[in-house]
Amino acid sequence: MLRGFSLGRARRFSEYLKNMAPGVFLQELYNQPGVIGAICPSSRYLARQMARQLPIHDDGLIIELGGGTGAITQALLNHGVAPERLKVIEYSSVFVQRLRQRFPDVDVIHGSAADLSQLLPSNVKIGAIVSSLPLCSLPGPITEAILQQWKLLLHDGGVAIQFTYNLRQPKWRRQIQANQTNSKVVWANLPPANITTFSFKTAKLHHITNECP
Ligand SMILES: C[S@@+](CC[C@H](N)C(=O)[O-])C[C@H]1O[C@@H](n2cnc3c(N)ncnc32)[C@H](O)[C@@H]1O
């Protein structure tokens, strides 16, 4: 009994390691640190909390930005998002290949979130943008272009959900022209992360004076 239990746990742990792919993640981090912007993949606690921020009654597309190893993709599917409603945008070709293998029913698009509107069908309804993008470590003009895309695509509905490791005020928060509708810290992640949700519908400029270091 005990042996069976241990074997089951060992199998689950090995499956977890296979999905998390620490070697691939570290290799990508070594190759392009600013683009990855994290020391390890998102924990399942962070991923689950990201998924819980989705609007309840919305049938629009869910766009995941920066799918990486797929921790958040998996949480979105576990949360009940149908694979055909989900589109994942990923910049790294290594991660794109892995995501396509791991989630054959999900549309994984190789490209930059800075060009988001060109990567999606026109006039599509978006329920939420769920982002793991390292907005603090990407070059300033890329972050600006990404935030402009959110404003363009979400101006008449949908929310943007973003996490950051900067628990104070990251610089991009001063640039985002949106209303913050929720904020939550997840301590069970390395490092702990703050999830913030934004609505662009009646967006007024947020004047926040603190800056991230
Ligand atoms: C913090 S990591 C993602 C962590 C992911 N949630 C996981 O658990 O593996 C950030 C991801 O954003 C991707 N990324 C960075 N810049 C991007 C861009 N402009 N467009 C799309 N993806 C981008 C990186 O390649 C990386 O996969």
Side-chain angles (χ1 to χ4, degrees), residues 15-54 62-79 81 86-103 106-120 126 128-150 152-153 160-167 170 172 175 186 188-196 212:
E15 186 66 18
Y16 166 74
L17 278 183
K18 198 174 114 209
N19 288 335
M20 197 177 82
V24 180
F25 194 91
L26 286 175
Q27 185 69 49
E28 283 301 275
L29 179 60
Y30 178 78
N31 288 338
Q32 28 186 9
V35 169
I36 303 303
I39 52 171
C40 59
S42 309
S43 74
R44 65 192 151 112
Y45 305 98
L46 175 60
R48 201 185 297 149
Q49 285 299 335
M50 289 287 277
R52 284 187 183 162
Q53 309 309 311
L54 288 179
I62 307 299
I63 312 296
E64 186 192 350
L65 303 179
T69 55
I72 291 177
T73 318
Q74 185 66 66
L76 292 170
L77 296 171
N78 292 348
H79 189 74
V81 174
L86 180 58
K87 291 196 183 286
V88 181
I89 315 295
E90 173 52 58
Y91 185 73
S92 148
S93 53
V94 174
F95 285 144
V96 166
Q97 205 182 346
R98 285 189 55 88
L99 287 163
R100 284 182 180 154
Q101 273 167 6
R102 187 173 168 193
F103 306 105
V106 174
D107 188 11
V108 178
I109 300 170
H110 187 198
S112 170
D115 306 320
L116 186 57
S117 53
Q118 292 162 45
L119 301 174
L120 299 173
I126 299 176
I129 291 178
V130 182
S131 167
S132 300
L133 296 175
L135 295 181
C136 272
S137 64
L138 288 175
I142 301 286
T143 298
E144 262 173 50
I146 290 167
L147 298 179
Q148 281 304 318
Q149 289 290 310
W150 295 5
L152 177 76
L153 292 164
I161 303 162
Q162 170 75 45
F163 74 77
T164 176
Y165 302 128
N166 184 327
L167 300 186
W172 56 265
Q175 299 165 288
V186 177
N189 190 69
L190 194 66
N194 186 6
I195 302 176
T196 319
C212 63

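When a ligand or atom number is given, it counts from 1 through the structure's own listing order. On a predicted model such as this, the values are computed, not experimentally measured, just so you know.
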_Residue that, paired with L65, satisfies side chain to side chain contact (heavy atoms under 4.5 Å, CB included) out of L135, L116, V88_ = L116
*For ligand 1, which atoms sit closer than 4.0 Å to a heavy atom of L138?*
16 (N)
*Find all atoms of ligand 1 within a distance of less than 4.0 Å from any non-hydrogen atom belonging to A113, and give their numbers and elements.*
18 (C), 19 (N), 20 (N), 21 (C)
*Establish, from distance only, whether the side-chain atoms of S131 and Q162 form a donor-acceptor pair under 3.5 Å.*
yes
*asked:* What protein heavy atom lies closest to atom 12 (O) of ligand 1? Include the residue and the distance to one decimal.
replied: G66 CA, 3.3 Å
*Considering only heavy atoms, does F95 approach ligand 1 within less than 4.0 Å through its side chain, its backbone, both, or neither?*
side chain
*For atom 22 (N) of ligand 1, which protein heavy atom lies nearest, and how many Å away is it?*
Y91 N, 3.3 Å
_Within the supplied structure, the quantity of interest is the number of heavy atoms (other residues, nucleotides, ligands) at a distance under 6.0 Å from R44 CZ; does it exceed 12?_
no
_Just checking Y91: does its OH atom have more than 12 heavy atoms from other residues, nucleotides or ligands closer to it than 6.0 angstrom?_
no
*Provide the number and element of each atom of ligand 1 under 4.0 Å from a heavy atom of G68.*
9 (O), 27 (O)
_Proximal ligand 1 atoms for S132, defined as those under 4.0 Å from one of its heavy atoms_ = 1 (C), 3 (C), 6 (N), 10 (C)
*Under a 4.5 Å cut-off applied to non-hydrogen side-chain atoms, are I146 and L133 in contact?*
yes
_Just to confirm my output: which protein heavy-atom neighbour is closest to atom 27 (O) of ligand 1, and how far is it?_
E90 OE1, 2.8 Å
*Exercise: identify the closest heavy-atom pair between A128 and I161*: CB-CD1, 4.5 Å
_Minimum heavy-atom distance P192-L167, with the two atoms named_ = O-CD2, 4.0 Å
*Report, in ascending order of atom number, the atoms of ligand 1 lying under 4.0 Å from any heavy atom of I36.*
1 (C), 2 (S), 10 (C), 24 (C), 25 (O), 26 (C)
*Would you indicate whether the side-chain heavy atoms of T73 and L86 approach each other to under 4.5 Å?*
yes
*asked:* Using heavy atoms and a 4.0 Å limit, tell me yes or no: is L65 in contact with ligand 1?
replied: no
*To the nearest 0.1 Å, how far is atom 15 (C) of ligand 1 from its closest protein heavy atom, and which atom is that?*
V35 O, 3.0 Å
*Polar-atom distance check: S112 versus ligand 1, any N or O pair below 3.5 Å?*
yes
*asked:* At less than 4.0 angstrom from any non-hydrogen atom of T69, what atoms of ligand 1 do you find?
replied: 7 (C), 8 (O), 9 (O)
*G67 touching ligand 1 at heavy-atom level, < 4.0 angstrom*: yes
*Nearest protein heavy-atom contact for atom 8 (O) of ligand 1: which residue, which atom, what distance?*
S42 N, 2.9 Å
*asked:* Give the atom numbers and elements of ligand 1 that come within less than 4.0 Å of a heavy atom of G111.
replied: 20 (N), 21 (C)
*Only counting residues at least two apart or in another chain, list the ones meeting ring pair (Phe, Tyr, Trp, His ring centres under 6.0 Å) with Y165.*
F163
_Results of salt bridge (charged side-chain N to carboxylate O under 4.0 Å, His left out) for D107 - residues two or more places apart only_ = K87
_Distance filter under 4.0 Å to A38 heavy atoms, resulting ligand 1 atoms_ = 1 (C)
*Does any donor atom in the side chain of E28 or Q32 lie under 3.5 Å from an acceptor atom in the other side chain?*
yes
*Among all protein non-hydrogen atoms, which one is nearest to atom 23 (C) of ligand 1, and what is the separation to 0.1 Å?*
L133 CD2, 3.3 Å
